[in-house]
Amino acid sequence: MSAAHQAIRTAGPKLAVTALEATGDTSYSACGIPYWVAGDVSSADALVARTAEQHRKAGIDLRLGATATGIDRQARTVTYRDAAGEQVLGYDELVIATGASAVVPDWAVDPRTGQRYAGVAPVKTLTDGAAWLDLLAGLPGGGGRVVIAGGGYIGVEMAEAARRRGHTVTVITRNRVMSSMDPDLSARIEKGMHEAGVRVLTGLPVVRLDVADGRVRGAYTADGELHPADLVVLALGVTPNTAYLDLAELPSGPSGALRPEPDGSLADGIWAAGDCCETRHRLTGTWTYLPLGTHANKQGRIVGTNLVTPGALRFGGVLGTAITRFAVDTTYLEIARTGLSEHEAAAAGIEVTSLVTEGSTASGYMSEADPITVKLLAAPSDRRLMGAQIVGGRGAGKRVDAVATALWHGATVDDLAWSDLSYAPPFATAWEIVQVAARRLADRL
Ligand SMILES: Cc1cc2nc3c(=O)[nH]c(=O)nc-3n(C[C@H](O)[C@H](O)[C@H](O)COP(=O)(O)OP(=O)(O)OC[C@H]3O[C@@H](n4cnc5c(N)ncnc54)[C@H](O)[C@@H]3O)c2cc1C
């Protein structure tokens, strides 16, 4: 919808834009769903950025309940299915923006019905969010047992939501919690979650469920142990919605996602944006699948502009910048990262030196002061920054943006250490902690 609006903004009302949407919902913040489930957001409506009416008022022919089933590149048509049956639509320019779906493993599905077992659900759509509100409300207050399969950011956010709703929470993850961070920083997050009463089991995947009458009763880990559960959250990542395309005919990667050029073009008259796409990593130059709303919004705008004004905008790649939080009772952790982790640098054949620095989010004499841990990575060969990971209290997380901006422009640790960042006692220390970290890493290098 971002591409649709931007195309009309760029071309004016003479452009005929049709949008096909399989479900009944468009343009909502999936990112807000865990906070809606936690009780921070009052209703699903609050998460809707633009209603169907608003899209139509802007001149978009929005067709809900319309599932694209294939494209014919020669005829320049899209086939789709709606309540009336199979339809064919011609196009001059086609934007593929079908996003991604939550991974639902075989063990979550009842082979007799082909449906997920009762009490087992992912967290992807507004329908999922509403289902989670009902499922959690159906548990005895304080007595429910929620198992979360997956320790990525959605697993962490749902652990927060279920715990804040008063339930017993176990996170089971085959790797570590927030495995996009290095183990030393993951360990800090796991410690905070333990302190807030969440049981965290790492290095063990869920391999099957204990089920009675089609309803989940527990989850088995690979070591054979049974973890009792009234509900199981599927937070196992997403897979791109590209099955309806002939991927042999379109640039795509092993993830099954498309590989558009930096201007968003994929093939003659075809463009692609968002979670159905891989992106180029700005530091390694390699294709990577990092489905995030930050990239999807930019790519949608770029495609909407370029299909009217070719070559006007370029997507500059991704750094893997991301942020989340885990906040339950007195535990409050902001978690952020950008650039490469040690593992990612090694996989890319880039030598890095790293250093962990502990400090404070504000001057020690202020009530705002919270602990903060900053890990910085840089290449010893040219002193260029390669990554940052941050875990800390209020105000810690968004500090990652200073490092992300530096990384974006190819800065060295010295550039970051000596740049002009802000300070007043409620917000920072006179030597801002990110700059202390950069200075120390510069010394080490
Ligand atoms: C719980 C959760 C929390 C998140 N938190 C964050 C966050 O904090 N920060 C962040 O940057 N990102 C976050 N994300 C990711 C972000 O929501 C996505 O990156 C973003 O929604 C991708 O936008 P998109 O338009 O590419 O795909 P989508 O939002 O998935 O939209 C694709 C649309 O296409 C429709 N569709 C699929 N197939 C077809 C078809 N064949 N025909 C017609 N329509 C079809 C789908 O129904 C869907 O409406 C979060 C995601 C989730 C699920």
Side-chain angles (χ1 to χ4, degrees), residues 1-5 18-38 41 47-50 52 55 62-71 78-82 87 89 94-103 121-129 131-132 148 150 152-161 233-245 257-258 260 264 271-279 289-304 318-325 334-338 397-398:
M1 299 317 295
S2 187
H5 281 273
T18 306
L20 306 175
E21 167 54 46
T23 69
D25 297 311
T26 61
S27 297
Y28 57 86
S29 168
C31 317
I33 294 172
Y35 303 103
W36 175 34
V37 176
V41 179
L47 298 179
V48 176
R50 275 207 192 100
H55 290 308
L62 169 62
R63 304 185 190 181
L64 296 175
T67 305
T69 51
I71 59 175
V78 179
T79 47
Y80 70 94
R81 205 181 41 245
D82 64 10
Q87 316 285 345
L89 189 67
L94 171 69
V95 178
I96 300 176
T98 38
S101 294
V103 170
V123 193
K124 181 72 177 74
T125 62
L126 286 184
T127 309
D128 296 335
W132 273 109
I148 296 178
Y153 72 92
I154 293 177
V156 169
E157 291 168 8
M158 285 300 286
E160 173 187 314
V233 180
L234 301 175
L236 298 160
V238 295
T239 179
N241 290 327
T242 53
Y244 67 102
L245 300 169
L258 303 166
W271 308 77
D275 280 11
C276 60
C277 299
E278 293 187 5
T279 45
Y289 186 56
L290 280 172
L292 284 175
T294 43
H295 314 322
N297 275 288
K298 291 186 192 95
Q299 291 168 338
R301 196 177 177 91
I302 288 169
V303 162
V318 302
L319 290 169
T321 310
I323 187 166
T324 188
R325 106 180 162 186
E334 294 184 358
I335 301 157
R337 53 103 62 216
T338 188
K398 283 297 272 181

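Both ligands and their constituent atoms are indexed starting at 1 by order of listing.
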Checking the side chain of [X] only, and the main-chain atoms of [Y] only, is there a donor and an acceptor separated by less than 3.5 Å?
X    : Y    : value
T324 : I335 : no
Q299 : G274 : yes
R337 : G320 : yes
T239 : V103 : no
Y289 : D275 : yes
W132 : P122 : yes

Could you check which of [options] puts a non-hydrogen atom nearest to [atom]?
atom                    : options              : result
atom 6 (C) of ligand 1  : A100, C31, G274      : C31
atom 1 (C) of ligand 1  : S101, A30, A272      : A30
atom 30 (O) of ligand 1 : R325, K124, M1       : K124
atom 18 (C) of ligand 1 : D25, T321, D275, T26 : D275

Atom indices of ligand 1, in the order listed, that fall short of 4.0 Å to a heavy atom of [X]:
X    : answer
V123 : 1 (C), 53 (C)
Y153 : 3 (C), 4 (C), 5 (N), 6 (C), 13 (C), 14 (N), 15 (C), 50 (C), 51 (C)
L20  : 43 (C), 44 (N)
T23  : 47 (O)
I154 : 1 (C), 2 (C), 52 (C), 53 (C)
T294 : 11 (O)
N241 : 37 (C)
A296 : 22 (C), 23 (O), 26 (O)

Could you tell me the residue and atom name of the protein heavy atom closest to [atom], and the distance to it rounded to 0.1 Å?
atom                    : value
atom 48 (C) of ligand 1 : E21 OE1, 3.5 Å
atom 28 (P) of ligand 1 : G99 CA, 4.1 Å
atom 42 (N) of ligand 1 : A68 N, 2.8 Å
atom 10 (C) of ligand 1 : G293 N, 3.4 Å
atom 39 (C) of ligand 1 : T98 CG2, 3.3 Å
atom 25 (O) of ligand 1 : A97 O, 4.5 Å

For this session: Please identify each residue that fulfils ring pair (Phe, Tyr, Trp, His ring centres under 6.0 Å) with H295, with sequence neighbours left out.
Result: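 If we apply the ring pair (Phe, Tyr, Trp, His ring centres under 6.0 Å) test to H295, skipping adjacent residues, there are no hits.
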Exercise. At their closest point, which heavy atom of K398 faces which heavy atom of I323, and how far apart are they?
Worked result: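 Nearest pair, atom of K398 first, then I323: N-CD1, 3.7 Å.
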For ligand 1, note which part of [X] has a heavy atom under 4.0 Å away: side chain, backbone, both or neither.
X    : answer
C276 : neither
A102 : neither
Y80  : neither

Exercise. Hey, is atom 12 (N) of ligand 1 under 4.0 Å from any protein heavy atom?
Worked result: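 When distances to the protein are checked, atom 12 (N) of ligand 1 has a heavy atom within 4.0 Å.
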Problem set entry | Audit row: T98, Y244, side chain to side chain donor-acceptor pair (under 3.5 Å) steps and yes/no | CA-CA 10 Å; T98 38; Y244 67 102; 3.0 Å; yes
Exercise. Can you find a non-hydrogen atom of A322 under 4.0 Å from ligand 1?
Worked result: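 Contact absent.
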Exercise. Is there any N or O on A22 that sits under 3.5 Å from an N or O of ligand 1?
Worked result: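 Yes, since at least one N or O of A22 sits under 3.5 Å from an N or O of ligand 1.
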For this session: Evaluate whether atom CZ of R81 has more than 12 neighbouring non-hydrogen atoms of other residues, nucleotides or ligands under 6.0 angstrom away.
Result: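 Atom CZ in R81 is not crowded, with 12 or fewer foreign heavy atoms closer than 6.0 Å.
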Problem set entry | Distance in Å, L20 CG paired with T67 OG1, rounded so as to fall on 0.5 Å steps |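 So the CG of L20 and the OG1 of T67 are separated by 9.0 Å.
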